[in-house]
Each structure stands twice: as C-alpha cells, then as structure tokens.
Amino acid sequence: MLPVTNGAATRGTRGRVGSNTNLRRMASQAGRPAAIALACLLLIGGTSLLLHSRISDEQAPGLHVVSGGGAAADRVQLLAEGATLEQGSQGVRQQQQQDLGAVVSTGGPLFGSNVKLAADQATASDAAGKQAGQSGRDVVAHISKLAELGRGAKLDAARGKSHQLYGTLASSFPQRPDPPIVELSEDELASRREAVRAAMLHSWRGYEKYAWGNDELCPVTLKGKNGFGGLGATMIDALDTLHMMGFMDEYTKAAAWVRAEMPLDTSFDASVFETIIRVVGGMLAAHDMTGDQWMVDRAQQVADRILPAYNTPTGIPLNIINLATQVAKNPTWNQRASTLSEFGTHQLEFWRLSESTGNRTYADLAEGTIRHLHKLMPDQGLMPLFISPTTGNFTVRRISFGALGDSYYEYLLKMWLLQGKQDDMYRSMWETAMDEMIEKLVFTSKEGLVYVAEFDRNLVKHKFDHLVCFVPGMLALGAHSGAVTGAKAEAYMRLAGDLTHTCWQMYHRMPSGLSPEYVTFTPQGMKVGAAYNMLRPEALEAMWYMWRLTHDWKYRVWAWEIFQAFETHSKAEAGYSGVKDVRAAEPVHDDTQQSFFLAETLKYLFLLFSDDSSFNMDEWVLNTEAHPLKVSRPIQQQQQQQQQHQQKQPGRSRDVGGMTASGNEGRSIARR
Ligand code: DMJ
C-alpha cells in the first residue's frame, strides 16, 4: 500500500460560476471593444475552414487515421504552428499564456451561453448579478450576430469542399418528436438487462469463434485483426463485463488465456495509452473484482514493457512503443510531440498498479507528468493538445475536449477520487479546467443545443465530437462526489443534463438512429461532420451517470432507443459492426467490432437497466475504458471499515466494496 497523506482536502474558491463576482467578471469580459475586435477577427480571419478536419483518437501506432480531406489542412496547420513555436522556443510558455489570455479577453463576448448560464444562476434577490448578466447578454447578442455573419461567409466558401468530402446526402436533420417517458416495471427492466446480455454474448461468441486471441473481430468478413499490439485487446476489455453480467464460463476461459497465453513480445508498435487503458486497466479491474493476484502480475509484466516510453529528458512519455524491442517513439505527423490525452491517461492504472504491487515507480512516473503541467501552467485549467517530451513545452495552442484531449480532464477528477480524495492538486486542476471550459468553450446553438466547442489558433471551432459526450458524466460525477459543491455543483449538473440532451439528439435525429462521429454547429443548426459510427460508448456513459444521479427516467428511455439502433443497424452475422454513414436508413457495416463495445458500450447499457446497488460510485472508479478500479482510502478509514464489515458479516468471504465479488455473493453487480 502506498503511503497516503492524511491531510484534509482543501477546497479551491476561485471562479465560482454562480457568484456575483463571477457574473460581473463574465459580463465585463463581454465588453464592447473586445467584442468588436473578435468580430473583425472572425470576419477577416484565415480562409482555411477547419470544421471538417479530424484526427482520429484511435492510436493504431503510426496510423493516425485522418478522416476527411480537411485533416490535411489540419496537419499543415499543426506543422506550421510547431515550426513557429519551435523558433521562438524561449518565449513559448510566455507566448502561449499571452495568446490564451488574449483569446480569453477577445473571446469573451462570444460565450453568450456561459454568461447566460451564470446569469440564470443569479438569485431573484441578486439584482446586481442579474443586471450584469443582462448587459452581458445584450452585448453577446449583438456580437454573436456579427460573428455568425463571419462564420456564414466562411461556411459558404467551404460548402463546395464539404460536399466533395461528404457527398450530397442531407447533412442537417430536423428535430423529431421525443419518445414518451415511461417508467418500467421490475420485469421489464429484467428483460432489458437480458437483451443487453444477449448482445454481449453475441459479440463475445463472434470474437471467440473467429478472432480468438486477436485484438478485434471483423464481424462481416469473419476474421480477427490486431491494432493494439496483439495482446488480445477484446479478450481483456471484455473480462469485467463478462463477470458483471454473470457469464462465468466465458470469463474463466478468457482469464485462462490471459494467464497462460497472452503474448508479450510480439514485435508491434503499440500505443502506450491504448495498452494502458485497455490491457493494464482491464487486468487490474479483473483483479479488483476477483482478487486473482496473478492478474496484477500480468498487468505488471505489460506495464514493465511500456516503461521505457518514460525515458525522456522531461519524463513526459512517448506515445508509441514496440513491445518486443521496447524502442519508443512519437509519431512524425505532430512534430514528434506527446499527446495530452495519452500521457494524461496513465495515472489511474499506474496508481492502482503501484498500490497492488507495492512498487511506487508506476504511480510516480504517471504523476510526474501532471505535476509538470501544474508547474508549467499553474493557473490554467485548459491545456493544449501537444507537448514536446524534450523541452517540456507545448507545441500548439489547440484545445479540445474531444480527440487528443478528452481523458486528460477525466483523469484529473478520477485520480482525486481513486486516491480517496487525498490530493487536492488533481481536484483543483479539474475544477479550474471545468470553469474555463464553461467560460470559454460552452455554447448554445440556435436550436437550443448546448455543446462544447474546440479552440484552435485564436478561433473557436464549433465542432462537437461524440467523444465529448464523456463530459456530462464527468461533470455529474464531480458534482456528486463533492469535487465542487453548492451553486457550482448545481450548475455543473445543469450543464451535464443539457450536454447529455445534445448527445442524445446526435442519435435521435439521424435516419439510422446512430450518432455520427462528430457534428458541427452552424447558423443553420447541427450538421453531420464525419458520418461514421464506431459503436462508441460516451453518450451511454453520460446517460448512465445522469440516470444514477438524477433518477430521471428519460435517460433510460433514450439509452434503450440507442440500443435498438445498434440492434437494427450494427448487428452482424457474428458480433456488432461500426457503420460507415449514419445518414443512410440502412447503413453499410465497416467490419470492425471495437473492443470498447464490450468493455464500455454494453457495460453502460447493462448498468443503465440495473438497480443502484449494482455499482457503488463511492467505492469504485471506472477508468476511461470503463474498467472498475477500487478506491483507496486513508489507512485508518480502511481499518475501521474492515472491522465494521467483519462485525456485521462474519460469514462473508471478501469485501469488494459494493461491486462484484467472485461468485457474486452479497451486493453483486452480476445479476440479470
Ligand atoms: C475508448 O477507448 C476510451 O473511452 C477512450 O478514452 C476514448 N475512446 C474510446 C471510446 O470511444
């Protein structure tokens, strides 16, 4: 067990969303001169419209899939930015801070929805706050109009290109009536769980029959493929879901493969991030659920092969490592920089591995990178996407809660939770980031959909990845767990609800009922960006957290509709497949069953139709691949709890903290 500090967590007080000070600050940021500057910027800004660019987060080594020709422009831009910043390396940090500061001050007026959100929180008696909010809204309304004109002009210019990229299928979809919200009986809930279990079994059987030991199943051509280092990503990703759902024979067979056959020395350039979240995380979760110590041993063997990636001048790890030769590198397309969402998503797994092995190395290495960011940008929450592992400085100014950025923010909150709320650095970095996100990147579309935009080279990009749908679950978890409290927690919950609604609309408005990979928001409304669907989990993740924390039945209704769309359009002869174009009423399969479909998508669906005792959110934390890890507690608290538990339950074999114990005794998750 790692030593843990016993000091009480201190709570940050800065930037309270609902406070009068903040209202006034927001309103003053929405000042007229800055607003006019921004409008001019938008009107005369660069001609390259990047709304359709996308670099995939699927880090098949060296294979950063680019979807859409716009990504070429994105790369050119990254290279140019990198070059410029390299030249001025001495002033990089200062420059970035100035730039961000400038953007904040000029970007203020556009953040109308944020001002509105803050204004809405003002109490009726708080006339000063209301007045400030109102004047902010007036300025915002004026400037938003100008900005929209600017965006409209650029969109017109880009329209021909967009049609080339995405064909002539309609890309904008009208609202459809919502389904009725009906509460379900226990029997109906049980039958929904059963339907999800059947989907899991269908996915698993396909993998077992045609792709055993491979990373993923090709469910149409009926074969396996390896994109994650050949460690059997699906096998390991599926372990805890099989266990939760009570498929014990299948679990046992898969676990035996992990123990005896998982190959560690295939010469394959593996993504460090994917290997940690899927393979190391999957085995640690299996350990935490069953107590099988050899799972930790296997996780450690894999982690040890990855550690050379940390041998850099700054300790910021490289993205890719060959598991056989242990030679690590970064991709060339981003100037050999390391990626925020990748090095920022090792912390949970490495912390838990250190706890389980008694070897601090893993936790210290992973934490070192976050401490580096904290030192580099002590007052800033939003972090750019790429950093040089050699200089330790950022190489771009791009900020995103989607691909390349997402799970860094998730892990700030979850590290605070996993460590038993002991280290306030993580919590306060998370709170600052959330406040900055709300202030700078949250918008409401013309049709009333709330979304989180991206930021790139002094411009806000009104692009919303399906990946960003993890944000509402994270906000709700933060509010529930006390990472923020009072009016701010309420504001976070409100935003979480609004964002979950947008994520739901991304499915509900499509002819197939499946969400595209990303949408853009234009003056004409929500439009499809990249039309494919990869069976991603984030919207269902949001719905699960929101169901659990509000008990509003609409989340179960929405989730069920999404599940039906998977059943209708994604189910293949063996397993489930992604689809190429969600705008088609009968979309074509892409022949890949992503391993996260078993780890995450089906797990969240199962939990959505299970009762609350199925998963204790205070005692378990899900990693970004939905693998449950056990929360650490201060040693005193652990001892007290053990004593109480033994007094109450003398016959019980083992406390696994409210989740599945092997054999499913007591408070089990693994019930139909
Ligand atoms: C998963 O591998 C993880 O959730 C990751 O954080 C993001 N991408 C996929 C799911 O979409």
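Start at 1 and go down the list; that is how both ligands and their atoms are numbered. Bear in mind that the values here come from a model prediction, so they are computed numbers and not experimental data.
Applying the 4.0 Å criterion to heavy atoms of Pro537 picks out, from ligand 1, the atoms 10 (C), 11 (O). Of all atoms in ligand 1, listed by their number and element, those nearer than 4.0 Å to a heavy atom of Thr624 are 3 (C), 4 (O), 5 (C), 6 (O). Contact atoms of ligand 1 toward Ile277: 2 (O) (distance under 4.0 Å to a heavy atom of the residue). Counting atoms of ligand 1 from 1 in the listed order, those under 4.0 Å from a heavy atom of Leu467 are 7 (C), 8 (N), 11 (O).
Using a 4.0 Å cut-off between heavy atoms, Gln594 makes no contact with ligand 1 at all. The residue Glu410 has no part lying near ligand 1, judged by heavy-atom distances below 4.0 Å.
Residue His466 places no heavy atom under 4.0 Å from ligand 1. Judged by the shortest distance from any of its heavy atoms, Thr345 lies outside the 4.0 Å radius around the atoms of ligand 1.
Tyr207 has its ring centre no less than 6.0 Å from the ring centre of Trp257. In summary, the aromatic rings of His466 and Tyr507 are positioned with their centroids under 6.0 Å apart.
Looking at Glu625 next to ligand 1, an N or O pair under 3.5 Å apart turns up.
Between Tyr492 and Trp430, the angle of the ring planes goes over 60°, which puts this pair in the perpendicular group of the 30/60° scheme.
Selection from Arg278, Glu342, Glu538 by nearest heavy atom to atom 11 (O) of ligand 1 gives Glu538.
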Does the salt bridge (charged side-chain N to carboxylate O under 4.0 Å, His left out) test come out yes or no for Lys603 and Asp237, once each step is laid out?
CA-CA 11 Å; Lys603 187 182 287 150; Asp237 252 354; over 6 Å; no
Step by step, would you call Tyr310 with His346 a ring-ring contact (aromatic ring centres under 6.0 Å, His included)?
CA-CA 11 Å; Tyr310 276 87; His346 300 177; 5.7 Å; yes
Might you work through the ring-ring contact (aromatic ring centres under 6.0 Å, His included) test for Trp351 and Tyr411, ending with a clear yes or no?
CA-CA 11 Å; Trp351 168 264; Tyr411 271 33; over 10 Å; no
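Relative to the ring axis of Phe228, Arg278 places its NZ or CZ within 45° and under 6.0 Å from the centre.
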